[in-house]
Amino acid sequence: MPAHLFAYQLEYGVISRLGWSNTDDAVLCHQCDFAGCTNPAHMQLGTNRSNRSEYELRRRNIASPLADVRGPAGRTRTIAAAIRTGIEQNVGVDVVEEHIAAAEAAGRPLSLW
(Lines give C-alpha, C1' and ligand atoms only; values in the text may rest on other atoms or scores of the structure.)
Protein backbone atom coordinates (compact mmCIF):
# COMPACT_ATOMS: atom_id res chain seq x y z
CA MET A 1 0.00 0.00 0.00
CA PRO A 2 1.46 3.40 -0.95
CA ALA A 3 2.34 5.68 1.99
CA HIS A 4 -0.01 8.46 0.86
CA LEU A 5 -2.96 6.04 0.69
CA PHE A 6 -2.12 4.65 4.14
CA ALA A 7 -1.87 8.17 5.63
CA TYR A 8 -5.18 9.24 4.08
CA GLN A 9 -7.03 6.18 5.34
CA LEU A 10 -5.44 6.50 8.78
CA GLU A 11 -6.76 10.07 9.00
CA TYR A 12 -10.17 9.72 7.31
CA GLY A 13 -11.01 6.01 7.47
CA VAL A 14 -10.81 3.12 5.06
CA ILE A 15 -11.90 3.80 1.50
CA SER A 16 -14.37 1.03 0.75
CA ARG A 17 -13.71 0.70 -2.97
CA LEU A 18 -10.67 2.20 -4.57
CA GLY A 19 -10.31 1.26 -8.22
CA TRP A 20 -7.83 1.95 -10.97
CA SER A 21 -9.59 0.60 -14.02
CA ASN A 22 -12.62 2.70 -14.90
CA THR A 23 -12.53 6.46 -15.48
CA ASP A 24 -15.22 6.94 -12.83
CA ASP A 25 -13.59 4.76 -10.14
CA ALA A 26 -12.56 6.54 -6.95
CA VAL A 27 -8.88 7.49 -6.68
CA LEU A 28 -6.86 9.54 -4.24
CA CYS A 29 -5.81 12.86 -5.81
CA HIS A 30 -2.84 14.95 -4.62
CA GLN A 31 -3.91 18.59 -4.52
CA CYS A 32 -0.31 19.76 -4.00
CA ASP A 33 0.86 17.77 -7.08
CA PHE A 34 3.78 16.31 -5.12
CA ALA A 35 3.73 12.51 -5.40
CA GLY A 36 5.93 12.14 -2.31
CA CYS A 37 3.51 14.04 -0.09
CA THR A 38 1.79 12.01 2.63
CA ASN A 39 -0.16 14.86 4.23
CA PRO A 40 -3.83 13.75 4.20
CA ALA A 41 -4.92 17.40 4.11
CA HIS A 42 -3.29 17.68 0.65
CA MET A 43 -5.41 14.85 -0.79
CA GLN A 44 -8.99 14.33 -1.75
CA LEU A 45 -11.04 11.58 -3.30
CA GLY A 46 -11.77 12.03 -6.97
CA THR A 47 -12.09 9.95 -10.11
CA ASN A 48 -9.51 8.86 -12.66
CA ARG A 49 -11.16 11.26 -15.09
CA SER A 50 -11.03 14.29 -12.75
CA ASN A 51 -7.47 13.48 -11.63
CA ARG A 52 -6.25 13.23 -15.23
CA SER A 53 -8.05 16.43 -16.16
CA GLU A 54 -6.42 18.34 -13.27
CA TYR A 55 -3.03 16.89 -14.21
CA GLU A 56 -3.37 18.09 -17.80
CA LEU A 57 -4.27 21.59 -16.60
CA ARG A 58 -1.31 21.95 -14.21
CA ARG A 59 1.55 19.92 -15.68
CA ARG A 60 2.85 22.67 -17.98
CA ASN A 61 3.39 25.13 -15.13
CA ILE A 62 7.19 25.11 -14.76
CA ALA A 63 6.90 25.87 -11.03
CA SER A 64 4.68 22.83 -10.48
CA PRO A 65 6.09 19.59 -9.04
CA LEU A 66 4.51 17.90 -12.07
CA ALA A 67 7.05 19.60 -14.35
CA ASP A 68 10.09 18.31 -12.43
CA VAL A 69 12.58 16.92 -14.97
CA ARG A 70 13.59 14.12 -12.55
CA GLY A 71 10.06 12.74 -12.43
CA PRO A 72 8.03 12.12 -9.27
CA ALA A 73 10.38 9.49 -7.80
CA GLY A 74 13.53 11.50 -8.53
CA ARG A 75 12.03 14.61 -6.95
CA THR A 76 10.99 12.67 -3.84
CA ARG A 77 14.42 11.03 -3.47
CA THR A 78 16.22 14.37 -3.83
CA ILE A 79 14.05 16.11 -1.25
CA ALA A 80 14.37 13.15 1.14
CA ALA A 81 18.15 13.27 0.76
CA ALA A 82 18.15 17.01 1.54
CA ILE A 83 16.15 16.37 4.71
CA ARG A 84 18.39 13.46 5.77
CA THR A 85 21.50 15.58 5.19
CA GLY A 86 20.07 18.35 7.37
CA ILE A 87 19.26 15.88 10.15
CA GLU A 88 22.73 14.29 9.94
CA GLN A 89 24.38 17.72 10.11
CA ASN A 90 22.09 18.70 13.00
CA VAL A 91 21.19 22.03 11.38
CA GLY A 92 18.12 24.09 12.13
CA VAL A 93 14.76 23.84 10.44
CA ASP A 94 15.42 27.00 8.45
CA VAL A 95 18.56 25.49 6.91
CA VAL A 96 16.69 22.26 6.08
CA GLU A 97 13.99 24.36 4.40
CA GLU A 98 16.70 26.07 2.32
CA HIS A 99 18.06 22.64 1.28
CA ILE A 100 14.54 21.55 0.30
CA ALA A 101 13.99 24.72 -1.74
CA ALA A 102 17.31 24.16 -3.54
CA ALA A 103 16.40 20.52 -4.23
CA GLU A 104 13.04 21.61 -5.66
CA ALA A 105 14.61 24.32 -7.83
CA ALA A 106 17.17 21.86 -9.23
CA GLY A 107 14.39 19.89 -10.92
CA ARG A 108 12.68 22.78 -12.66
CA PRO A 109 12.85 22.66 -16.44
CA LEU A 110 14.97 25.21 -18.24
CA SER A 111 13.06 28.14 -19.61
CA LEU A 112 13.75 31.28 -21.59
CA TRP A 113 12.01 33.56 -19.08
Side-chain angles (χ1 to χ4, degrees):
M1 171 181 291
H4 67 281
L5 179 57
F6 179 79
Y8 184 88
Q9 292 185 110
L10 187 64
E11 180 74 18
Y12 299 113
V14 175
I15 302 168
S16 60
R17 185 174 182 280
L18 193 67
W20 297 95
S21 58
N22 193 336
T23 57
D24 293 324
D25 286 349
V27 295
L28 197 53
C29 306
H30 284 92
Q31 297 304 294
C32 61
D33 295 329
F34 178 37
C37 177
T38 58
N39 184 342
H42 293 180
M43 298 173 226
Q44 71 178 21
L45 281 177
T47 64
N48 277 327
R49 184 187 322 243
S50 66
N51 195 34
R52 186 69 184 170
S53 186
E54 290 174 11
Y55 168 81
E56 290 296 331
L57 288 172
R58 297 192 300 248
R59 73 184 179 106
R60 287 184 177 39
N61 176 353
I62 64 169
S64 169
L66 297 174
D68 197 302
V69 296
R70 299 164 293 194
R75 177 184 172 84
T76 300
R77 284 188 204 104
T78 304
I79 291 172
I83 294 168
R84 279 194 296 276
T85 299
I87 291 170
E88 289 168 2
Q89 294 174 350
N90 199 29
V91 297
V93 174
D94 55 333
V95 175
V96 173
E97 291 290 338
E98 290 173 9
H99 288 289
I100 293 170
E104 290 174 335
R108 289 197 189 112
L110 298 175
S111 70
L112 297 175
W113 55 92

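All values below come from the heavy atoms of this structure, side chains included, with hydrogens, waters and symmetry mates left out. Throughout, residue positions are numbered sequentially from 1 according to the sequence presented. Everything numeric here is computed off the predicted structure, so don't read it as measured data.
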- Query: How far apart are the closest heavy atoms of Val96 and Gly86, and which atoms are they?
  - Reply: CG2-CA, 3.9 Å
- Task: Check whether any side-chain heavy atom of Phe34 lies under 4.5 Å from a side-chain heavy atom of Thr76, and answer yes or no.
- Result: yes
- Give the minimum heavy-atom separation between Cys37 and Met43, together with the two atoms involved. O-CE, 3.7 Å
- Item | CZ-CG distance between Arg52 and Leu57, expressed to the nearest 0.5 angstrom | 11.0 Å
- Which atoms form the tightest heavy-atom contact between Glu104 and Asp68, and what is the distance? O-OD2, 4.3 Å
- Task: Measure the shortest side-chain to side-chain distance between Ile100 and Ile83 over non-hydrogen atoms and say whether it is less than 4.5 angstrom.
- Result: yes
- Message: Under 4.5 Å between side-chain heavy atoms, counting indirect links through other Ile/Leu/Val/Met/Phe/Trp/Tyr residues: same cluster for Val69 and Ile79 or not?
- Response: no
- Item | Ionic contact status for Arg84 with Glu88, cut-off 4.0 Å | no
- Message: Just verifying a value: how many Å separate Glu11 CD and Thr38 OG1, rounded to the nearest 0.5 Å?
- Response: 11.5 Å
- Item | Interatomic distance, Gln44 atom CD to Leu28 atom CG [nearest 0.5 angstrom] | 9.0 Å
- Task: For the residue pair Val27 and Thr47, establish whether any side-chain heavy-atom pair is separated by less than 4.5 Å.
- Result: no
- Could you give me the CA-CA distance, side-chain angles and deciding distance for Asn61 and Leu66, then say whether side chain to side chain contact (heavy atoms under 4.5 Å, CB included) is met? CA-CA 8 Å; Asn61 176 353; Leu66 297 174; over 6 Å; no
- Note on the structure: CZ (Arg58) and CG (Asp33) are apart, to the nearest 0.5 Å, by 4.0 Å
- Message: Testing the basics here: between Ala82 and Ala103, what is the closest heavy-atom pair and its distance to 0.1 Å?
- Response: CB-CB, 4.4 Å
- ring pair (Phe, Tyr, Trp, His ring centres under 6.0 Å) involving Tyr12 - partner list, sequence neighbours excluded: Tyr8
- If Ile, Leu, Val, Met, Phe, Trp and Tyr residues are connected whenever their side-chain heavy atoms lie under 4.5 Å apart, and connections chain through other members, are Val93 and Val91 in the same group? no
- Backbone of Arg49 reached by a side-chain donor or acceptor of Ser53 within 3.5 Å: no
- Item | Closest approach of Ala7 to Pro40 (non-hydrogen atoms, all atoms of both residues) | O-CG, 3.5 Å
- Message: Is the shortest side-chain heavy-atom distance between Leu5 and Ile15 below 4.5 Å?
- Response: yes
- Message: If you compare all heavy atoms of Arg75 against all heavy atoms of Arg70, which two are closest, and at what distance to 0.1 Å?
- Response: N-CB, 4.0 Å
